[in-house]
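Structure, as structure tokens:
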Amino acid sequence: MTHSSLSSAPARLTVLAGPTAVGKGTIVAELRRRHPELFVSVSATTRGPRPGEIDGVHYLFVSDGEFDRLIDSGQMLEWALVHGAHRYGTPRGPVQAELDAGRPALLEIDLAGARQVRASMPTAQLVFIMPPSWDELVARLAGRGTEDARERERRLATARTEMEAAQEFDHVIVNDTVAHATDELEKLLGIKG
Ligand code: 5GP
């Protein structure tokens, strides 16, 4: 049996970004399986839930008005309009509470959001998840079958722009296999085994 320890990890914010369908969600799910105690921020979003998504677990599903209120009251650490469609943002309070308690915190957000975190919290480490190839990314997006052709085109256009920004990040992890990418992320978080 292996024990993970967060106590030796630096209490800092790690921001995970990368293009659509690169597998960020799968990597974070594997990381949580290995480290159930790790704090992963639950974002607020104005998009509706997909089948199987639970309010408060996968996202906080909020109305446009509620999202406005969160921004206006200073409760968003960062937020962005993603894929030109819906707004997504990180509630500040829970993240700050983890960091104040000396525990690491993980955000999985888009490029615009990552840039905002970098500006407001310069000690955050930014990690970019890269697909093994462009063709692989296109195949993964088509394969998961959750978006129609038009939405896929929109997401691929965003992905192209995002991949050009990889050099702004502190670390790049190639998602060749989930196990390997998760190993790499564990090392960066300082929570290996
Ligand atoms: P999806 O609609 O597929 O769940 O997510 C679309 C995109 O929104 C993902 O690329 C994800 O990184 C981004 N996203 C999710 N939560 C946040 C957030 O809190 N802030 C920002 N800026 N982007 C987010």
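Counting starts at 1 for both ligands and their atoms, in listed order.
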Top protein contact for atom 11 (C) of ligand 1, by heavy-atom distance
E108 OE2, 3.6 Å
Contacts of T177 meeting side-chain contact (heavy atoms from CB on, under 4.5 Å) (sequence neighbours excluded), chain-then-number -> A179, H180
Numbering as shown, the atoms of ligand 1 that approach G113 to under 4.0 Å (heavy-atom distance):
22 (N)
Best match, L107, L111, I109: closest heavy atom to atom 18 (C) of ligand 1:
I109
Close approach, H58 and ligand 1, non-hydrogen under 4.0 angstrom:
no
Please answer whether the main-chain N or O of P131 pairs with a side-chain N or O of R140 as donor and acceptor at a distance below 3.5 Å.
no
Numbered atoms of ligand 1 (with element) below 4.0 Å of S43, judged on heavy atoms:
16 (N), 17 (C), 18 (C), 19 (O)
Taking only non-hydrogen atoms of T20, do any sit less than 4.0 angstrom from ligand 1?
no
What protein heavy atom sits nearest atom 9 (C) of ligand 1, and how far away is it?
K24 NZ, 4.0 Å
Does a sphere of radius 6.0 Å around CZ in R50 hold more than 12 heavy atoms from other residues, nucleotides or ligands, not counting ones at 6.0 Å or beyond?
yes
To which protein heavy atom is atom 4 (O) of ligand 1 closest, and what is the distance rounded to 0.1 Å?
Y59 OH, 2.5 Å
Closest non-hydrogen protein atom to atom 2 (O) of ligand 1, residue and atom name please, with distance?
Y88 OH, 2.4 Å
Is there a side-chain contact between T45 and E53, using heavy atoms and a 4.5 Å cut-off?
no
Nearest protein heavy atom with distance in Å, relative to atom 13 (C) of ligand 1:
D110 N, 4.0 Å
Return yes or no for this condition: an N or O of W79 is under 3.5 Å from an N or O of ligand 1.
no
Please walk me through it: do Y88 and D110 pass side-chain contact (heavy atoms from CB on, under 4.5 Å)?
CA-CA 9 Å; Y88 297 76; D110 84 327; over 6 Å; no
Note: ligand 1 atoms sitting under 4.0 Å from heavy atoms of R47 are 1 (P), 2 (O), 4 (O)
Checking a contact table here: which protein heavy atom is nearest atom 20 (N) of ligand 1, and how many Å away?
E78 OE2, 2.7 Å
Using a 4.5 Å cut-off on heavy atoms from C-beta on, say whether the side chain of I27 contacts that of K24.
no
Any idea which heavy atoms bring F61 and R47 closest together, and the distance?
CD2-O, 3.1 Å
Taking only heavy atoms of V82 into account, list the atoms of ligand 1 that are under 4.0 Å away from them.
7 (C), 8 (O), 23 (N)
Is the closest heavy-atom distance from R155 to ligand 1 below 4.0 Å?
yes
So which atom in H35 and which in E186 form the shortest heavy-atom distance, rounded to 0.1 Å?
NE2-OE2, 2.7 Å
Atoms of ligand 1, numbered as shown, that sit under 4.0 Å from any heavy atom of G89:
18 (C), 19 (O), 20 (N)
Between Q167 and F128, is there a side-chain heavy-atom distance shorter than 4.5 Å?
no
For atom 3 (O) of ligand 1, what is the closest protein heavy atom, and at what distance to 0.1 Å?
R50 NH2, 2.9 Å
N175 and T26: CA distance, side-chain angles, deciding distance, side-chain contact (heavy atoms from CB on, under 4.5 Å) verdict:
CA-CA 10 Å; N175 186 17; T26 313; 6.0 Å; no
Compare every heavy atom of A124 with every heavy atom of D170, then report the nearest pair and how far apart it is.
OD2-O, 3.8 Å
